[in-house]
2 protein chains.
Amino acid sequence: MSADERRRALRDTLVAEAERMIAAGGLPGLRARELAQAAGCAVGAIYTAFPDLDGVVLAVNLRTLNLFEAALGPPAGRIADAGAAADELVRLGQAYLDFARAHPLRWDALFRHRAPSGQRAPDWYVAEQARLFARIEQPLAVLRPELAETECRLLARSLFSATHGIVALGLDPQRLALPAAVIRDQIEILVRAMAAGLRRP
Amino acid sequence: MSADERRRALRDTLVAEAERMIAAGGLPGLRARELAQAAGCAVGAIYTAFPDLDGVVLAVNLRTLNLFEAALGPPAGRIADAGAAADELVRLGQAYLDFARAHPLRWDALFRHRAPSGQRAPDWYVAEQARLFARIEQPLAVLRPELAETECRLLARSLFSATHGIVALGLDPQRLALPAAVIRDQIEILVRAMAAGLRRP
DNA sequence: ATCGCACTTGAACGTTGTTCATGACCATGC
DNA sequence: GCATGGTCATGAACAACGTTCAAGTGCGAT
């Protein structure tokens, strides 16, 4: 096995074990020594595969994004009218809630993690995010056909942010700690309200 | 000076210095040794005034909530009609954005901080939050007079959560990193859309 | 078989938050 | 004024963290 192959294998093992640890204990559950032991390597070996633990977290987070994309299923087909567009937006919002509930700590890691050096996320990470935002842009374009693409992209991100806020604070055991069914209803009410309100510009 | 008075004085000094440190460096900027030096006491003294550093953070966060309440000005008077209610909701959302921009790290600490033991926030903290949510419930009740109080309270919290999401992800330098003026417009668009969409149940 | 180099190793380093034996200090009683 | 008792602040010490790097191991080439 070449050195490159070994490094790749180590990377895979590390990410898989890190994923398990984060799923079990959140971001604080990822500890260098424990990770090394789980992956069957020395602590120092982690730093041959990743620049630091934040790099490991980033890799895990990418897998989480992929998992979410898979959970969304294939992209929606043609959306007939504004009513169907609103339905699709509600469906996406509730799918987001379902995913957050199914993988609470992994999902939490997506947003709680901050790169230490204040740098922006790497391109491959941003690209994955963009693919997910496209899911929102599609029904939004049906709802507001006259919107320029830049404005549609922007509005889609704000729609996501709003839904994210409802889910994040709603599920947070230290903030609202709402039952899932209640959050589900709130998403339905507010996303539908936004869709209805956006329809007439 | 009695022991209680001294402890209170120490508490005040610690909170003031901790506030400065968090404002300068966020939650990671609050370090026990540095705080003790700034407050002119020994590290151990911190633990005579607070159970741990999280207690200090909680006290700072309460001050931040008070600061935000002050920034909102006195509660709105009677709200004439649904149009005025929508205006007020937009105003509150944009005031929230302004505050987050004016005190980014202190505001960040409000949401990034997690109590370690998984316990809920203390009552005095929840009470202060409730006073702020009441600001949203007021115009919302004008918009939807038929709503039961529990539903109004719930919807107000979700409205806040949505706006919080737009502000938090919009300002986050590692996520959207949008210019403030853009976020301001997005709040206007979406809050107005929600208000319009909510008007007809 | 021997040599040389690259890569893995894990003890060590610097920083955390938190604790607790120590000693200083002050109020009280004689 | 002095001895005494108890209370409280002190900061060195501890455990746990991420990260590093001198040292050693092992593999491939000669």
Side-chain angles (χ1 to χ4, degrees), chain A residues 1-15 17-22 24-61 105 109 112-119, chain B residues 1-22 24-61 105 108-109 112-119:
Chain A
M1 203 192 313
S2 80
D4 265 10
E5 280 172 326
R6 253 184 311 168
R7 221 162 71 157
R8 179 181 299 264
L10 178 60
R11 270 186 71 103
D12 290 347
T13 310
L14 284 172
V15 172
E17 291 300 327
E19 195 170 18
R20 231 179 20 82
M21 291 171 66
I22 287 179
L27 279 184
L30 183 67
R31 264 159 271 121
R33 289 164 229 279
E34 201 179 322
L35 176 61
Q37 189 175 6
C41 68
V43 271
I46 297 173
Y47 297 87
T48 67
F50 292 95
D52 50 26
L53 273 195
D54 289 299
V56 183
V57 173
L58 220 56
V60 171
N61 280 352
L105 293 174
R112 199 163 294 278
H113 174 68
R114 314 293 303 241
S117 44
Q119 63 209 353
Chain B
M1 204 190 318
S2 82
D4 266 10
E5 281 172 328
R6 252 185 311 169
R7 220 162 72 159
R8 180 183 297 266
L10 178 61
R11 270 186 71 103
D12 290 347
T13 310
L14 283 173
V15 172
E17 292 299 326
E19 194 170 17
R20 231 179 18 82
M21 290 170 68
I22 288 178
L27 279 185
L30 183 66
R31 263 159 271 121
R33 288 163 177 73
E34 202 180 321
L35 175 61
Q37 189 175 8
C41 68
V43 270
I46 297 174
Y47 297 86
T48 68
F50 293 95
D52 50 25
L53 273 194
D54 289 301
V56 183
V57 173
L58 220 55
V60 171
N61 280 353
L105 293 175
D108 193 58
R112 199 162 295 278
H113 174 67
R114 313 292 303 242
S117 43
Q119 62 208 353

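In what follows, chains carry the letters A, B, and so on, assigned in the order in which the sequence lines appear, proteins first and then strands, with residues in each chain numbered from 1. Because the structure is predicted, anything quoted here is derived from the model rather than measured.
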Peer 1: I'd like a table of atom pairs between the protein and nucleotides 21-27 of chain C - only N or O on both sides, under 3.5 Å - with the distance next to each one.
Peer 2:
none

Peer 1: Just how far, in rounded Å, is C1' of D/dT19 from CG of A/D52?
Peer 2: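 Whole-Å distance recorded here is 9 Å.
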Peer 1: Write down the atom of A/A32, the atom of A/I46, and the distance for their closest heavy-atom approach.
Peer 2: O-CD1, 3.4 Å
Peer 1: Nearest 0.5 Å, what's the CG-CG distance between B/L58 and B/L53?
Peer 2: 12.0 Å
Peer 1: Using atom CD of A/Q37 as one end and atom P of C/dT9 as the other, report the distance to the nearest whole Å.
Peer 2: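 Atom-to-atom, A/Q37 to C/dT9, this comes out as 13 Å.
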Peer 1: Within this structure, what is the CZ-to-P distance between B/R8 and D/dC8, rounded to whole angstrom?
Peer 2: 16 Å
Peer 1: Looking at C/dT18, D/dT20, C/dT16, which one has an atom nearest to any side-chain atom of A/Y47?
Peer 2: D/dT20
Peer 1: Please tell me which of the listed nucleotides, C/dA11, D/dT10, C/dT9, lies nearest to the side chain of A/V43?
Peer 2: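 Nearest listed nucleotide: C/dA11.
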Peer 1: Can you figure out which of D/dA9, C/dT16, C/dT18 approaches the side chain of B/R31 most closely?
Peer 2: C/dT16
Peer 1: Rounded off to whole Å, could you give me the CD1-to-P distance for the B/I46 and C/dG17 pair?
Peer 2: 9 Å
Peer 1: To the nearest angstrom, how far is B/L30 atom CG from C/dT16 atom C1'?
Peer 2: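 Distance check: B/L30 CG to C/dT16 C1' gives 12 Å.
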Peer 1: Which of these nucleotides, C/dG17, C/dT9, D/dG11, is closest to any side-chain atom of B/L53?
Peer 2: C/dG17
Peer 1: Does A/D12 reach the main-chain N or O of A/V15 with its side chain, forming a donor-acceptor pair under 3.5 Å?
Peer 2: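 A pair under 3.5 Å: no.
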Peer 1: Locate the shortest heavy-atom distance separating B/A18 from B/V60; write the atom from each residue and the value.
Peer 2: CB-CG2, 3.8 Å
Peer 1: Report yes or no: does A/R7 contribute a side-chain atom to a donor-acceptor pair with the main-chain N or O of A/A49 at less than 3.5 Å?
Peer 2: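 Between the backbone of A/A49 and the side chain of A/R7 there is no qualifying donor-acceptor contact (under 3.5 Å).
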Peer 1: Whole-Å distance between C/dC7 P and A/L10 CG?
Peer 2: 13 Å
Peer 1: Could you check whether A/L35 gets within reach of a base, just the sugar-phosphate, or nothing at all, counting any heavy atom under 4.0 Å?
Peer 2: nothing
Peer 1: If you only use heavy atoms from C-beta on, which nucleotide in C/dG17, C/dT9, C/dA12 is closest to the side chain of B/R33?
Peer 2: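 Comparing C/dG17, C/dT9, C/dA12 against the side chain of B/R33, the answer is C/dG17.
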Peer 1: Given B/V57, which of B/R114, B/H113, B/R112 fulfils the side chain to side chain contact (heavy atoms under 4.5 Å, CB included) condition?
Peer 2: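 That would be B/H113.
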Peer 1: Going from CD on A/E19 to CG on A/L105, what distance comes out if it is rounded to the nearest 0.5 angstrom?
Peer 2: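 Answer rounded to 0.5 Å: 12.5 Å.
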Peer 1: Measure from CD on A/E34 to P on C/dG10 and round the result to the nearest Å.
Peer 2: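 So the two atoms are 17 Å apart, to the nearest Å.
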